Amino acid sequence: MRIVRVALPIPLPRLFDYLAADATEHDIGRCVRVPFGKGDKSGVIVALPDSSDIEPARLKNVLHIQRDVPPLPADWLDLAGFAARYYHAPLGEVIALALPPGLRRADAVSGDDIDPLLDLSPDGVQALAAPVRDNKALRLLRASQQHGLPARRSQLRSLPDGAGCGDALRRGWLQVVSPSSAISHTGPRPEATEAQRSALDNVLTTPDGFACWLLQGVTGSGKTEVYLRLAEAWLARGRQVLMLVPEIALTPQLEQRVAARFPAAQVVSLHSGLAEGARSRGFVQALCGQADIVLGTRLAVFTPLPRLGLILVDEEHDASYKQQEGVRYSARDLAVWRARQRNVPLLLGSATPSLESWLNAREGRYRSLRLDSRAVSASLPTVHCIDTRRQKLSEGLSPQLLAALKTRLERQEQSLVFLNRRGYAPVLSCPSCGWVSHCPHCSANLVVHLADRRMRCHHCGCDQAIAPACPVCGDQDIKPFGRGTQRVEAFLTEHFPQARVLRLDRDAARTRSQWEALLASIARGEADILVGTQMMAKGHDFPQLTLVGVIGADASLHAADFRAPERLFQQLMQVGGRAGRAHLPGQVLIQTEHPEHPLYRHLATHDFDGFARRELDDRRGAGFPPFTHQAMLRADAPLLDDALHFLQHAQRLASGIAPPELALYDAVPMRMTRLARRERAQLLVEAGSRTVLQRFLGEWITMLRAQRTARQLRWQIDVDPLEI
Ligand code: ADP
Ligand code: ZN
Ligand code: ZN
């Protein structure tokens with residue numbers, strides 16, 4: 001009998017020992033099913049210890065060791081171990097998060113290649129040479145020759161006569177071939193521009209091994225093309241490429257672009273929107289070394305990759321790389337650790353890097369690559385502020401913006417009005433008594449959704465019919481105040497009756513297929529004016545889009561979070577970057593009451609570096625990250641006092657062990673105190689050195705875990721929090 005030590009998805013920082021008759025060293029890293037409490041649980045074997053703290057007689061037997069898939073390799077367990085230590089989360093929880101839930105079931109993980117590599121057979125060559133009667137299979141053969149062979153079946157099926165694929169296989173014109181050096185051969189691709197060439201040369205001539213590159217390239221400069229060329233180089237070396245993107249659902253084109261570029265490579269997408277089976281299959285393909293490119297969202301950073309050669313992180317500044325619940329990890333930061341662990345290069349790309357990464361590049365910890373002009377269009381869009389202080393606005397839109405929209409309509413070009421607030425109006429209010437539509441469960445207002453006559457809380461999902469009259473005084477004249485995308489859409493539809501107005505936000509695109517349909521209809525030129533939220537800011541390329549009008553941005557200028565200006569600048573630069581990406585020149589108009597604000601001035605000159613320098617000066621002065629390192633202890637409970645008392649107690653415990661360099665702040669209610677009937681409070685700790693902070697956190701959290709807490713109190717630690 002061997003003892004196996006198992007990490008289980010339990011919110012406790014400990015491992016559990018079991019007995020397994022036939023376990024060997026080769027079982028470390030394997031999934032295992034074990035009895036736990038009254039039921040059973042799945043976990044991963046992390047060690048085979050010689051002895052246990054538990055008496056041997058009390059150890060239970062494992063139920064089943066999953067041996068149909070290779071074990072998770074040691075470097076993967078180390079990555080999970082690092083994430084657990086750094087984010088102070090139980091190892092079992094990190095593993096549970098990192099593993100696809102379906103992995104434990106053998107059917108999800110059969111090693112069959114469901115997307116085989118196909119090439120012309122000798123019969124196929126003959127069929128093409130002999131002028132036989134034209135048919136679908138034959139047309140597909142011709143098309144696939146042009147596309148490049150060998151290619152994956154999924155690639156051939158996406159060609160115009162792709163339906164002929166099965167027929168061509170039955171006739172023996174196509175045959176399954178084994179992956180070979182052809183993996184890196186590419187579909188059609190443009191010549192690299194001079195700037196792209198120089199960035200590529202820089203990376204490609206650097207000796208193998210760990211290096212962290214920051215590719216800062218303006219919107220439309222062709223960063224994706226650089227990623228693809230680098231991927232090609234590492235595929236040719238027989239290595240796997242991990243490419244992280246913020247949200248796959250928002251950029252369906254990227255998946256197609258990658259797959260079409262490398263028709264012979266096994267491209268695997270990994271994101272939480274996948275069905276369980278597909279996610280497990282992709283994970284196992286990566287683990288077995290079959291997958292050549294893994295394209296995924298933050299959780300894909302936990303993909304086991306035996307042949308890993310290169311990591312790419314697109315839009316590295318994006319907040320969605322940070323998980324905001326459970327294990328609060330940053331996939332970008334873990335990617336850097338992973339690249340160092342595996343001694344491979346990593347490239348972070350963005351038009352608007354996070355100030356952390358920008359400073360790292362500036363101070364030489366990262367290597368800097370720049371693409372300062374656009375790949376196709378002659379120039380970046382012009383950016384102007386419209387001073388709205390002495391203007392009469394129509395539903396929030398200035399005469400200048402309306403005139404600019406009209407001009408685009410006349411020229412049959414597309415425009416985008418950007419307003420980062422969905423719904424019809426942010427609140428319903430009574431002019432007689434001052435009643436406003438508060439959410440009953442949150443410190444937030446219910447947003448008016450006129451389209452389906454509902455009021456909704458965007459935080460807890462609470463949903464009610466719009467009140468016909470004021471619930472306090474009975475006045476029937478209650479009114480929606482402020483505006484969201486629905487209201488702007490309604491106004492524009494009325495104002496420009498000849499225009500086709502299309503709204504793009506989470507209400508218009510609830511599912512991925514709805515979103516894809518909307519994007520496709522824009523690409524076909526079926527819309528003249530788009531009204532969109534930040535969903536529209538990312539990665540899209542619409543050649544006919546030449547005007548971006550920004551309204552309602554000022555609200556973020558004065559937000560309390562010290563990262564608000566950084567986020568606003570990034571968002572506006574990204575959304576402005578949608579204008580004039582092809583051959584038509586673009587224009588960005590920003591409505592503001594603060595046209596002199598430095599943020600807008602830097603934006604008008606596309607001066608990200610100037611903005612970053614100024615912002616970092618402010619942060620240095622105020623002692624904010626990246627000049628200090630932070631962790632946030634948050635607590636929530638039905639009663640605010642319970643949350644605050646816990647944090648005050650935590651603060652007393654901390655002051656007993658805190659080194660002098662550590663700053664401990666007071667417990668305070670969170671800005672949005674109430675969320676889904678729970679009151680929330682937080683306590684910030686800060687230190688100049690990561691090591692000091694980490695050492696303190698380790699000790700503190702052990703103490704906190706030993707405390708008895710009020711009923712229903714929950715607490716979590718957030719290391720490197722994004723929201724303060
Ligand atoms: P970014 O990711 O930097 O915003 P993209 O990679 O999306 O930019 O490229 C912007 C546009 O320029 C795309 O339409 C792309 O096809 C095109 N493009 C990129 N590089 C080249 C090139 N070397 N030659 C021609 N077109 C290019
Ligand atoms: Zn009233
Ligand atoms: Zn709510």
Side-chain angles (χ1 to χ4, degrees), residues 148 184-208 211-237 241 243 245 251 253-254 257-258 260-262 293 309-317 345-353 357-358 360-362 364 366-383 538-543 545-546 573-574 576-588 602-603 605-612:
S184 66
H185 90 80
T186 62
R189 56 169 202 189
E191 271 307 302
T193 63
E194 208 168 301
Q196 286 168 339
R197 189 73 266 156
S198 132
L200 288 166
D201 285 346
N202 250 319
V203 180
L204 294 173
T205 56
T206 299
D208 264 358
C212 185
W213 302 87
L214 178 65
L215 172 64
Q216 186 179 339
V218 297
T219 53
S221 59
K223 294 183 289 296
T224 314
E225 187 57 33
V226 173
Y227 307 147
L228 294 174
R229 295 276 183 145
L230 290 175
E232 183 184 333
W234 265 270
L235 291 180
R237 299 172 189 181
V241 176
M243 182 169 179
V245 294
T251 50
Q253 297 113 319
L254 185 65
R257 206 166 150 194
V258 174
R261 176 62 68 88
F262 303 110
I293 300 181
L310 172 70
I311 305 179
L312 302 164
V313 183
D314 187 26
E315 309 286 8
E316 67 89 31
H317 65 278
L346 159 99
L347 184 112
L348 308 173
S350 177
T352 52
S357 297
W358 189 87
N360 279 331
R362 185 136 194 111
Y366 293 175
R367 304 179 201 207
S368 189
L369 299 169
R370 309 273 303 211
L371 298 176
D372 288 322
S373 53
R374 286 188 156 178
V376 185
S377 88
S379 56
L380 288 165
T382 58
V383 180
K538 289 180 190 172
H540 308 295
D541 223 350
F542 301 119
L545 183 72
T546 57
M573 203 163 190
Q574 297 282 352
R578 297 313 109 206
R581 286 171 70 87
H583 298 283
L584 302 167
Q587 185 183 30
V588 179
H602 288 301
L603 202 62
T605 49
H606 305 283
D607 184 14
F608 181 80
D609 297 316
F611 168 76

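Just so it is clear, the values below take in all heavy atoms, side chains as well, and ignore hydrogens, waters and symmetry mates. In this text the structure is predicted, and so the values were computed from the model without any measurement.
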By side-chain contact (heavy atoms from CB on, under 4.5 Å), which residues pair with [X], not counting sequence neighbours?
X	result
Ala195	Thr193, Leu371
Ala233	Leu204
Ser198	none
Thr382	His384, Gln587

Test item: [X] side-chain N/O and [Y] main-chain N/O as donor-acceptor pair under 3.5 Å:
X	Y	value
Trp234	Leu310	no
Lys223	Gly217	yes
His606	Pro381	yes

Tell me, with the steps shown, if Leu214 and Ser368 meet side-chain contact (heavy atoms from CB on, under 4.5 Å). CA-CA 5 Å; Leu214 178 65; Ser368 189; 5.6 Å; no
Residues two or more places apart in sequence or in another chain: which of them pass ring-ring contact (aromatic ring centres under 6.0 Å, His included) with Tyr227? none
Quick one: list whatever passes ring-ring contact (aromatic ring centres under 6.0 Å, His included) with Phe542, sequence neighbours left out. His540
Residues in salt bridge (Lys or Arg N to Asp or Glu O under 4.0 Å) contact with [X], at least two apart in sequence or another chain:
X	answer
Arg229	Glu225
Glu232	Arg189
Arg257	none
Arg370	Asp372, Asp609

[atom1]-[atom2] distance between [X] and [Y], expressed to the nearest 0.5 angstrom:
X	Y	atom1	atom2	value
Asp607	Met573	CG	CE	8.0 Å
Arg261	Ser184	CZ	OG	12.0 Å
Ile293	Leu235	CD1	CG	4.5 Å
Trp358	Leu348	CH2	CG	15.5 Å

Between Arg367 and Asn202, does the side-chain contact (heavy atoms from CB on, under 4.5 Å) criterion hold? Intermediate values first, please. CA-CA 10 Å; Arg367 304 179 201 207; Asn202 250 319; over 6 Å; no
Quick one: which of Gln574, Glu315, Gln216 gives a side-chain hydrogen bond (donor to acceptor under 3.5 Å, both in side chains) with Thr352? Gln574
Thr219: side chain to side chain donor-acceptor pair (under 3.5 Å) partners, not counting sequence neighbours: Arg374
Using side chain to side chain donor-acceptor pair (under 3.5 Å) as the criterion, list what pairs up with Ser357, not counting sequence neighbours.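 In terms of side chain to side chain donor-acceptor pair (under 3.5 Å), with neighbours along the sequence ignored, Ser357 is linked to Glu316, Ser354.
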Verdict with reasoning, Phe262 to Thr186, per side-chain contact (heavy atoms from CB on, under 4.5 Å): CA-CA 5 Å; Phe262 303 110; Thr186 62; 3.9 Å; yes
Start with the C-alpha gap between Arg237 and Asp208, add the side-chain angles, then the distance that decides, and say whether side-chain contact (heavy atoms from CB on, under 4.5 Å) holds. CA-CA 11 Å; Arg237 299 172 189 181; Asp208 264 358; 3.5 Å; yes
Which pair of heavy atoms, one from Cys212 and one from Leu346, lies closest together, and at what distance?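 Nearest pair, atom of Cys212 first, then Leu346: SG-CD2, 3.3 Å.
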Closest approach of Ala579 and Val588, non-hydrogen atoms and distance?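 What the structure gives for the nearest pair is CB-CG2, 4.4 Å.
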